[in-house]
Asks: 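Structure incoming, see below.
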2 protein chains.
Amino acid sequence: MPKATVERLPLYLQCLQAMGDSETTVSSDVLANIAGVNSANVRKDLSYLGSHGVRGVGYDRLELCVQLRRALGLTDKWPVVIIGVGNLGSALANYQGFDPSGFNVIGLYDADPSKIGDPVDGHRIKSMEELELDIKEHDVQMAILTTPAGAAQEVADMLVGAGILSILNFAPALLKLPDTVKCRQVDLATELQILSYYQATRTA
Amino acid sequence: MPKATVERLPLYLQCLQAMGDSETTVSSDVLANIAGVNSANVRKDLSYLGSHGVRGVGYDRLELCVQLRRALGLTDKWPVVIIGVGNLGSALANYQGFDPSGFNVIGLYDADPSKIGDPVDGHRIKSMEELELDIKEHDVQMAILTTPAGAAQEVADMLVGAGILSILNFAPALLKLPDTVKCRQVDLATELQILSYYQATRTA
DNA sequence: AGCTGTGAACATATTCACAGCC
DNA sequence: GGCTGTGAATATGTTCACAGCT
């Protein structure tokens, strides 16, 4: 499946879920409008699912959700760990969308001994030693990194050593990782700077 | 400038800044390695800056930083507002990277009357009425949206009405905006789901 | 009539490969 | 020798346009 398509599938899923149960059927045109994409693009993307829309009608909304979830590997819940329980880590820990999206936060970890044991959204913050054990015990493959930039690489190395294969990195630091590990970087400064470019170009 | 290039410029800037003052000169090869990009790609990207690297030597690091910042429209600081001071909004308010990145948080706003006046990182949370006034008074063009999903569209409409032209949206909701307004969506569930796809494909 | 699925056309992005300069 | 800048080649992504099904 093309990279560009993979990156749009969650968007379609989000659109379909947001529509609610009012519609049983959705056309590529309607979905395209909500998602802000060309309708041919939607059809081509969905064709990779081996999806079967009905000509003259559209796609069955619920069946399409199931197919999207299957294609994205969301049939079972992935266990994930969150490392670094500062403001951002706490914010993510409190996020209510993990479960419906297909993920299960199994633990929060921090290097600061004074935080260990503190409650956050039904969890108690655990130590880095426990992190390594938990990853191995629960076969965790995905980690969310919300440490300060300075600690990110060190933690990442440990995660990789423990068997983590996918990292979602919110720390403003570029990680050096083996290419067996997939990483997505979410960076506030980067996003704002991209907006800045278009904002500046507008007036120029 | 190509969209793909614009989205890489902040990355280069981040790499150059992270290098510190040890190097006065950088080759496309070195930068490419740190950024995880092909070196021809780096050179082509930088050629849009009207940059002048020196053959046989490379680029002057500091001059390149200046050129990148200029190209991204970061010569002056952009005033930005943050709307929705929950966990995530607080996390962003405490982020130390705004100033060096070229942004200046001028205010935090929340719809919840019980929060108004609370201190967060040197600011006091203000009301939505003040938001509208502040935007007009300071000519603010960029807003960061960290409200709950349910409130996002309503707030966005207000922002657009007040004159905001760029929105960085962390709320898990797709905004319907006039096409004069540029929006970037940062969505945790989406990012994890993309990782899920690659994680699942790995074993399949 | 209304929609999907898809080949063909087009557009964008990446990489190669090398001439040209320091 | 070592690097940049860039045309040409390739790869990827998007959109058009329409045949084909219901």
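Numbered from 1 within each chain, the chains take letters A, B, ... in sequence-line order.
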Asks: Rounded to whole angstroms, how far apart are OH on A:Y48 and P on D:dT12?
Replies: 11 Å

Asks: Shoot me the first and last contacting nucleotide of DNA chain C against chain B, ordered 5' to 3', at under 4.0 angstrom to non-hydrogen atoms.
Replies: C:dA13 to C:dC22

Asks: For residues 161-179 of chain B, which residue pairs pass the side chain to side chain donor-acceptor pair (under 3.5 Å) check, not counting sequence neighbours?
Replies: A:Q199-B:S166, B:N169-B:Q185

Asks: Check each residue of residues 57-68 of chain B for a non-hydrogen atom within less than 4.0 Å of any atom in DNA chain D, then write out the ones that pass by number, or none.
Replies: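 B:V57, B:G58, B:Y59, in order of number.
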
Asks: Between protein and nucleotides 8-11 of chain D, what N or O pairs are separated by less than 3.5 Å?
Replies:
{"from": "D:dA8", "atom 1": "N6", "to": "B:K44", "atom 2": "NZ", "distance (Å)": "3.3"}

Asks: If you assign A:A40 and A:G56 each to the DNA chain D nucleotide with the nearest heavy atom, which residue ends up on the more 5' nucleotide?
Replies: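 Its nearest nucleotide being more 5', the pick is A:A40.
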
Asks: Any side-chain heavy-atom pair from B:L9 and B:T5 closer than 4.5 angstrom?
Replies: yes

Asks: In chain order, what residues pass the salt bridge (charged side-chain N to carboxylate O under 4.0 Å, His left out) check against A:R61, with sequence neighbours excluded?
Replies: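 Result, salt bridge (charged side-chain N to carboxylate O under 4.0 Å, His left out) vs A:R61: A:D21.
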
Asks: Just list the side-chain donor-acceptor pairs under 3.5 Å for residues 140-148 of chain B, sequence neighbours left out, or say none.
Replies:
{"from": "B:T146", "atom 1": "OG1", "to": "B:I83", "atom 2": "O", "distance (Å)": "3.1"}
{"from": "B:T146", "atom 1": "OG1", "to": "B:G84", "atom 2": "O", "distance (Å)": "2.6"}

Asks: Can you find a side chain N or O atom of A:N38 that sits less than 4.0 Å from OP1 or OP2 on D:dT14?
Replies: no

Asks: Partners of A:K3 by salt bridge (charged side-chain N to carboxylate O under 4.0 Å, His left out), sequence neighbours excluded?
Replies: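 A:K3 satisfies salt bridge (charged side-chain N to carboxylate O under 4.0 Å, His left out) with A:E7 once adjacent residues are dropped.
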
Asks: Mind checking what makes ring pair (Phe, Tyr, Trp, His ring centres under 6.0 Å) contact with B:F98, not counting sequence neighbours?
Replies: B:Y95

Asks: Show me the donor-acceptor pairs, under 3.5 Å and distance only, between side chains in residues 73-82 of chain B and residues at least two apart or in other chains.
Replies:
{"from": "B:K77", "atom 1": "NZ", "to": "B:D99", "atom 2": "O", "distance (Å)": "2.9"}
{"from": "B:W78", "atom 1": "NE1", "to": "A:S196", "atom 2": "OG", "distance (Å)": "2.7"}
{"from": "B:W78", "atom 1": "NE1", "to": "B:G73", "atom 2": "O", "distance (Å)": "3.0"}

Asks: Can you see which heavy atom on A:A156 is nearest to which on A:L175, and at what distance?
Replies: CB-CD1, 4.0 Å

Asks: To the nearest angstrom, how far is B:E7 atom CD from D:dG13 atom C1'?
Replies: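 My rounded result for the distance is 14 Å.
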
Asks: Would you mind reading off the distance between B:D29 atom CG and D:dT4 atom P, rounded to a whole angstrom?
Replies: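 After rounding, the reported distance stands at 7 Å.
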
Asks: Side chain to side chain contact (heavy atoms under 4.5 Å, CB included) with A:N87: which residues, sequence neighbours excluded?
Replies: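 Partners of A:N87 by the side chain to side chain contact (heavy atoms under 4.5 Å, CB included) criterion, ordered by chain and then number, come out as B:S90, B:A91, B:N94.
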
Asks: Heavy-atom distance under 4.5 Å between the side chains of B:Q193 and A:F103, does that happen here?
Replies: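 Yes, close enough: below the 4.5 Å cut-off.
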
Asks: Mind listing the residues from residues 8-16 of chain A sitting with a heavy atom below 4.0 Å of DNA chain D? Number order is fine.
Replies: A:R8

Asks: Is the closest basic N to carboxylate O distance between A:R124 and A:D118 below 4.0 Å?
Replies: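 Between A:D118 and A:R124 there is no salt bridge, as every charged N stays at least 4.0 Å from the carboxylate O atoms.
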
Asks: So if I take residues 19-28 of chain B and measure heavy-atom distances to DNA chain C, which residues fall below 4.0 Å?
Replies: none

Asks: Here's a test of your reading of the structure: between B:R43 and A:V37, which maps to the more 5' nucleotide of DNA chain D?
Replies: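 Its nucleotide being nearer the 5' end, the pick is B:R43.
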
Asks: Show the nearest heavy-atom pair for residues A:S28 and A:R43, with the distance to one decimal.
Replies: OG-NH1, 3.0 Å

Asks: Contact between A:Y197 and B:P10 at the side-chain level, heavy atoms closer than 4.5 Å - yes or no?
Replies: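 They are not in side-chain contact.
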
Asks: Where is the tightest heavy-atom contact between A:Y198 and B:K182, given as atom of each residue plus distance?
Replies: CD1-CE, 3.6 Å

Asks: Using a 4.5 Å cut-off on heavy atoms from C-beta on, say whether the side chain of B:C15 contacts that of A:L174.
Replies: yes

Asks: Separation of A:K3 atom NZ from D:dG13 atom C1', in whole Å?
Replies: 11 Å

